[in-house]
Amino acid sequence: MHTFIVFLIKSGMFCDKKFKLSDAKTGFNYVICDFCADDLADKRLVDLGFTKGAKIRVVGKSFADQTFAVSLRNSVICIRKNQADKIVIKSI
Amino acid sequence: MKNIVLVGNSNVGKTTLFNTITGDDAHVGNWAGVTVDIKQGKTDDFFVYDLPGIYSLDCFSMEEQTAKDFLLLHKNDFVVNVVECKNIARNLYLTLQMIELGLKPIVVVNMCDVAEKSGGRFFASKLQKRLGVPVFVVDATDKKSCLNLLNNLCTKTPLPLPYDKKSKNIAQKRYEYIDSFANEVLCFEQKQTWLEKLLFNKWFFVLSFILLFCFVFWFCFAKNGVGGCLSALTENAVICFKEWLQNVTSKTCPAWLSSFAVDVVAEGVGTVAKFLPQIVLLFFCLTLLEDTGYISYVAFFFDGIMSKIGLDGKSVFTFLLCFGCNTSALATSKNLCDKNVQKSVLIVSPFLPCSAKMPVFLTILAFASPALGGLHMLVVLCLYLVCIAVALSVAKLLHMVDEKQNGNFVLEVFALRLPSVKRVGKTLYKNTKEFVSRLAGTLFLCIVVIWLLKSFSFDGRFLMDDIQNSILATVGKKMSFLLAPIGLDDWRVCVSLLLGITAKEVVAGSLVLLFGYSFGGGFTALQTITFLVFVALYMPCVSTVAVIKKEGGTKTALTSVLLSTGVAYIVCFVFYSFGLAFAQNVVFGFVACICLLFVAMSLGFVLKYKCKNCKGCKFENFTMQKK
């Protein structure tokens, strides 16, 4: 039984919870599930590679967690909390 | 002659390639948005145009609009798309957009050595096969490699793209297409170095920032630092030169020529020239920080604070550069995406003390030594802090009055690199040359003009030691009542402030010229400090106003001039009155301070309450109803 539960956890069945990028932990890998780009500034993020299925990792947060530095497609990009709120991710 | 246009993302090496091809020395840095205008250069067979760095052609910012217009409307024979090897997926996004627009880009892959050093491999032929456009691997710093590119330039019609150009989710489609072959074109995964990991830690960053800026300050300005020693040497040289000049000219030349030589050449220019080492060192430190890429970390960490006063992290670049020269710093304000942020930056930046104000501070302090004792460094530090505090308060006030920020911020942090001696040297040389040419041009002219005004009376007589009757004194005496409320009702102060509008360095030169060495005797410590604060804050110099007008329009320029002079006057008035109060009675001074604090707080509360809880100002409501 115990081995089976460990197997289930490792296979990612319980890790499929989706949450906002602003709630992500520093240093962990995630994948983007959804990003609703409604204004021009969000479209800029899509241009930079914030698209569905892209792998993403938070590398740093500035004071009071106002700005996030995320590593994406071999580059580090900084975005603000209100933009990070719109990006839905899940862990891998 | 054929036209080549260089286009690509920020910081991929377009300007480096441009410089190598044309032999020009345009400014290169390690952050986004160094190039703000389209630069033009020439080789034997080509005209070369360098566009500002852009991420897409969707016209998000002003440079993108400029770049798109140039690509579509200008006759370009070769569109060279410069691409950084390790970020190839994101860089190709722009390539696909150009292909969609019907252009025939030539892909030039730069910085392959960086990727290869970390174990990556790039396959140019595979990329060429996928897109159908010519792909070159080039090292932008290597002349041979660039010449090889120029000799083999050719265009090919790209292969048709496998997705619908008019699809609603076009960006997703483009990236899906790029991702389908990105892994076979480049085998590489970016890993952060230990230093980069450490710098992303807040506390380590704060520590490094404080240490670094304290070091820069000590290195450039402290008396026992490198800058202090060098300027002491130059000062001695200037004194020797002056004595020699006086000896030579007094024997051979008429009185007016001797006075001209000693007053203008030796005292005027020499006084400012002795601060040159410090300013060169300041430029050196800024260039070094810029070249390593440390400045993008500064922008990232300060964004949280700057967003509170309606600015963004990128404006820290402009602010830091303002400590060098306002004029050149404000030219970089173009790369701020938001127009409102740009406007605030343009208005706020001139409050920061530029390097030209430094000689003025030091000259005034050198004269006032008896009144201020050995507190020079402390006073300069306090002046810097006052300037920064006033700039931030003004930004906050502007933000309170006009809350139209969209609150978005995107910035790329680039990998740290070791500074290159060649790049730093080149930039340093360029900045110093610019500064010296300004010093020699405007300053010399102004000092000659003052000398003429000060040495001759209205009826054209040469006055040997009788400044009281000169043209300058007559005008200054008429104007000086304006400065009486801030305790500076001396016509010589008034005249030097007026002349400082042309360039701030002139205040130092003209003070020496007008006062001789008797400045400290006539002024109290309070008056000296009020004068310093006024010089630090009052209207920006003519060239800065010209840049503000160019970037933000006449209205912004006028606002800047009036606001800065007004703020300077108010701050000085408050400071001087409170200083007087304290000098008479400490208790009275304290009570006055508390009253002022109360007034300021209630003003802030009213502004905040009014702007947060109403749906727009009365004026705006009125105009809306009218519509």
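A, B, ... follow the sequence lines: proteins, then strands. Residue 1 opens every chain.
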- Verify, without hydrogens or angle tests, whether N74(A) (side chain) and K86(B) (backbone) share a donor-acceptor contact under 3.5 angstrom.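 Confirmed, N74(A) side chain pairs with K86(B) backbone.
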
- Task: Without swapping roles, check the side chain of E412(B) against the backbone of V76(A) for a donor-acceptor pair under 3.5 Å.
- Result: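 Side chain of E412(B) to backbone of V76(A), a donor-acceptor pair under 3.5 Å: no, none is there.
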
Are side-chain heavy atoms of [X] and [Y] found at a separation under 4.5 Å?
{"X": "V206(B)", "Y": "F63(A)", "value": "yes"}
{"X": "S56(B)", "Y": "R44(A)", "value": "no"}
{"X": "R90(B)", "Y": "L48(A)", "value": "yes"}

- Option that, when pairs with chain A are counted at under 4.5 Å, heavy atom only, ranks first among Y175(B), F200(B), F301(B):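 Maximum pair count with chain A is reached by Y175(B).
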
Go through [options] and name the one with the most non-hydrogen pairs under 4.5 angstrom from chain B.
{"options": "S75(A), G60(A), C78(A)", "result": "C78(A)"}
{"options": "D65(A), L45(A), I77(A)", "result": "I77(A)"}
{"options": "S62(A), A69(A), G53(A)", "result": "S62(A)"}
{"options": "I79(A), V59(A), L72(A)", "result": "V59(A)"}

- Given a strict heavy-atom distance threshold of 4.5 Å, which part of F35(A) is in contact with chain B: side chain, backbone, both, or neither?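 No part of F35(A) comes within 4.5 Å of chain B.
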
- Query: Within a radius of less than 6.0 Å around NZ of K202(B), do more than 12 heavy atoms belonging to other residues, nucleotides or ligands occur?
  - Reply: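 Yes, NZ of K202(B) has more than 12 neighbouring heavy atoms, counting only those of other groups under 6.0 Å.
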
- Query: Would you find more than 12 non-hydrogen atoms of other residues, nucleotides or ligands less than 6.0 Å from F28(A) atom CZ?
  - Reply: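 It does not: F28(A) CZ has 12 such atoms or fewer within range.
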
- Query: What closest approach, in Å, do F300(B) and F68(A) show between heavy atoms, and which atom pair accounts for it?
  - Reply: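 For F300(B) and F68(A), the tightest heavy-atom pair comes out as CE1-C, 3.7 Å.
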
- Query: Thinking salt bridges, do K55(A) and D179(B) make one under a 4.0 Å N-O criterion?
  - Reply: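 No, no charged N to carboxylate O under 4.0 Å.
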
- Message: One pair to check against side-chain contact (heavy atoms from CB on, under 4.5 Å): D303(B) and Q66(A). What are the steps and the verdict?
- Response: CA-CA 8 Å; D303(B) 182 65; Q66(A) 283 300 308; 5.7 Å; no

- Just checking, R73(A) and Y93(B): is the charged tip under 6.0 Å from the six-membered ring centre and within 45° of the axis?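 That pair does not qualify as a cation-pi contact.
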
